[in-house]
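Here it is: the structure, laid out below.
All figures in this text were calculated on a predicted structure; none of them were measured in a lab. Protein chains get the first letters and strands the later ones, always in sequence-line order, with residue 1 at the start of each. As a basis for the values below, the full set of heavy atoms in this structure was taken, side chains included, without hydrogen atoms, waters or symmetry mates.
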Number of protein chains: 2
Amino acid sequence: MARQREFNEDKALDAAMQVFWEKGFEATSISDLTSRMGIQRPSIYSTFGDKKGLFEAALRKYTSFHAAYVRTNLQNNASVKEAFRAFFENMVAKEYKKSPNWGCFCINSMVELSPHDEKFEILTREHQMYLSVIFQETIERGLRSGELDAGINAKGLAQTLVVSLIGLTVIMKSRPERSFVDNSVEVILTLLN
Amino acid sequence: MARQREFNEDKALDAAMQVFWEKGFEATSISDLTSRMGIQRPSIYSTFGDKKGLFEAALRKYTSFHAAYVRTNLQNNASVKEAFRAFFENMVAKEYKKSPNWGCFCINSMVELSPHDEKFEILTREHQMYLSVIFQETIERGLRSGELDAGINAKGLAQTLVVSLIGLTVIMKSRPERSFVDNSVEVILTLLN
DNA sequence: AAAACAACATACTGATCAGTACGTAATTTT
DNA sequence: AAAATTACGTACTGATCAGTATGTTGTTTT
């Protein structure tokens, strides 16, 4: 290579992720991206291909960060029940702090793009499957330690918690009364008993 | 009025609903709409205001139809447990038949528009609240008949079922293995026991 | 039948879209 | 230092966007 990059590719991608997360794919223009990424239009195309390529890179960055975040959170607590409670309650509290509330970039993409683009159908599905595995491993840890009832179906419960997590994330976009979400979390957590 | 309408407003709105449901707000152009509605561009503006006005009319039509559909479905069965089982299983089966899978127009709108437009935040929230009331009334019917355990918290459970319904609808957009969704439905239904 | 009125269709507006051609600046290799 | 290479910035492309001006057609009222 001759001349060196003046911008940090990772920081630029991070900025793009935020814009796409906030506005979605269709509502985001290249001009929105250049201004927030702090780079020129041709730099986007030479570095990331096209708009969809940039979106894909941003989503991959998000999912890998998010997966690590979820994994760390659940491993952080010796009690599996407390780990899930803290995880769900924290996630609710965080969403109610922000206004407006962008939800989860992967879920947003699943809703907007998956039915129209197989690449994103696969990408978003695989992230949910990955979360499901993390949940399942956490539940199995609770089964081994005896904290959880041996009658629990780890896989089915993990899948249900992923579904619940999605449902909570989505409904919070419409800003229901806090008690609505709190009640739901409470009922969902009874599945661990 | 002088000259009479040549198109059926209700049928045109129905066509618009389908387009918006399939593609979302941003990805739908006025040209998409005119061709599918079978009317000319100025007819849209004179009848529905602007693109967002048409979208709102379409979404209102959807939610009122959907609410009636859910209500009828749940009232159709003497057993509350069987009613919820049939409702969830039917909803899963229907989504897996269609390809691609547009999900729920109201949920799509909640994800795409609610964080950026208060009108749709309210509209989509109120539909979820309405569904929650239908669910709660159904659960209370089961409590009165003795079919459901008296310890059940009707409101909290209804809210949780709404959250679960949203989660299931959304995750099916990424076409997970059928067993993933079936397992989740099974676990969710245990909340009625 | 004439006048008023409303829905129709065509064709247009300026703005913005995603993507690119091209000239300039910086860094490397020869 | 000259040549090659790559990034940068400006300015552009044709296409498409949401929305509208305008003239025509059909129906009602006078």
* Are A:Ser174 and B:Ser114 close enough that a side-chain donor and a side-chain acceptor fall under 3.5 Å? -> no
* Can you tell me the distance, in whole Å, between the CD atom of A:Glu9 and the P atom of D:dC8? =>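 In whole Å, D:dC8 P and A:Glu9 CD are 11 Å from each other.
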* To do: Send over the distance from A:Ile30 CD1 to D:dC17 P, rounded to a whole Å.
  =>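 Computing the A:Ile30:CD1 to D:dC17:P distance gives 16 Å.
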* How close or far is atom C1' of C:dT27 from atom CD of A:Glu6, stated in whole angstroms? -> 11 Å
* To do: Keeping to residues at least two apart or across chains, list the salt bridge (Lys or Arg N to Asp or Glu O under 4.0 Å) pairs with something in residues 6-23 of chain A.
  =>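 Matches after skipping sequence neighbours: A:Arg3-A:Glu6, A:Arg5-A:Glu9, A:Asp10-A:Lys61, A:Asp14-A:Lys61, A:Glu22-A:Arg36, A:Lys23-A:Asp32.
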* Asked: Can we say A:Glu121 and A:Arg125 salt-bridge, meaning some charged N sits less than 4.0 Å from an Asp/Glu carboxylate O?
  ->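 Salt bridge present between A:Glu121 and A:Arg125.
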* To do: Look at A:Glu186 together with A:Arg85 and state whether they make a salt bridge at an N to O cut-off of under 4.0 Å.
  =>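 Here A:Glu186 pairs with A:Arg85 in a salt bridge, since their nearest N and O are under 4.0 Å apart.
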* Which whole-number value in Å describes the distance from B:Met37 CE to C:dC8 P? ->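 In whole Å, C:dC8 P lies 12 Å from B:Met37 CE.
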* Interface with DNA chain D, restricted to residues 15-29 of chain A and to heavy atoms under 4.0 Å -> none
* Heavy atom of residues 38-48 of chain B under 4.0 Å from DNA chain D: which residues? ->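 Of all residues in residues 38-48 of chain B, the ones placing a heavy atom under 4.0 Å from DNA chain D are B:Arg41, B:Pro42, B:Tyr45.
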* Asked: End-to-end bend of the helix from C:dA1-D:dT30 to C:dT30-D:dA1 (five-pair axes, 10° rounding)?
  -> 0°
* Quickly work out the B:Leu33 CG to D:dG19 P distance and round it to whole Å. =>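 Checked: the CG to P distance equals 11 Å.
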* To do: Would you check if there is a donor-acceptor pair between the side chains of A:Asn77 and A:Glu82 at a distance under 3.5 Å?
  =>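 No pair is found: no donor N or O on one side chain lies under 3.5 Å from an acceptor on the other.
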* Keeping to residues at least two apart or across chains, list the ring pair (Phe, Tyr, Trp, His ring centres under 6.0 Å) pairs with something in residues 38-64 of chain B. => B:Phe20-B:Phe55, B:Trp21-B:Tyr62, B:Phe25-B:Phe55, B:Phe55-B:Phe105, B:Phe55-B:Phe120, B:Tyr62-B:His66, B:Tyr62-B:Phe105
* Mind checking whether B:Phe65 and B:Met17 have side chains closer than 4.5 Å, heavy atoms only? -> no
* Do B:Glu126 and B:Thr63 have side chains that get closer than 4.5 Å, going by heavy atoms? ->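 With C-beta onward as the side chain, the pair stays apart.
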* **Atom-pair distance (CD on B:Gln4; C1' on D:dT25), nearest Å** =>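 Between C1' of D:dT25 and CD of B:Gln4: 13 Å.
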* Asked: Do any pairs count as a salt bridge (Lys or Arg N to Asp or Glu O under 4.0 Å) and have a residue in residues 102-118 of chain B, sequence neighbours left out, and if so which ones?
  -> B:Lys52-B:Asp117
* **Side-chain ion pair, A:Glu137 and A:Arg71, N-O less than 4.0 Å** => yes
* May I ask you to decide whether A:Arg60 forms a salt bridge with A:Glu56, counting only side-chain N to carboxylate O separations under 4.0 Å? =>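 Counted as a salt bridge, because a side-chain N and a carboxylate O are separated by less than 4.0 Å.
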* To do: Nearest-nucleotide wise, let me know which of A:Asp32 and A:Gly49 is further upstream toward the 5' end of DNA chain C.
  => A:Asp32
* Do B:Arg3 and D:dT25 have a side chain to base donor-acceptor pair shorter than 3.5 Å? ->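 Checked by distance alone, the answer is yes.
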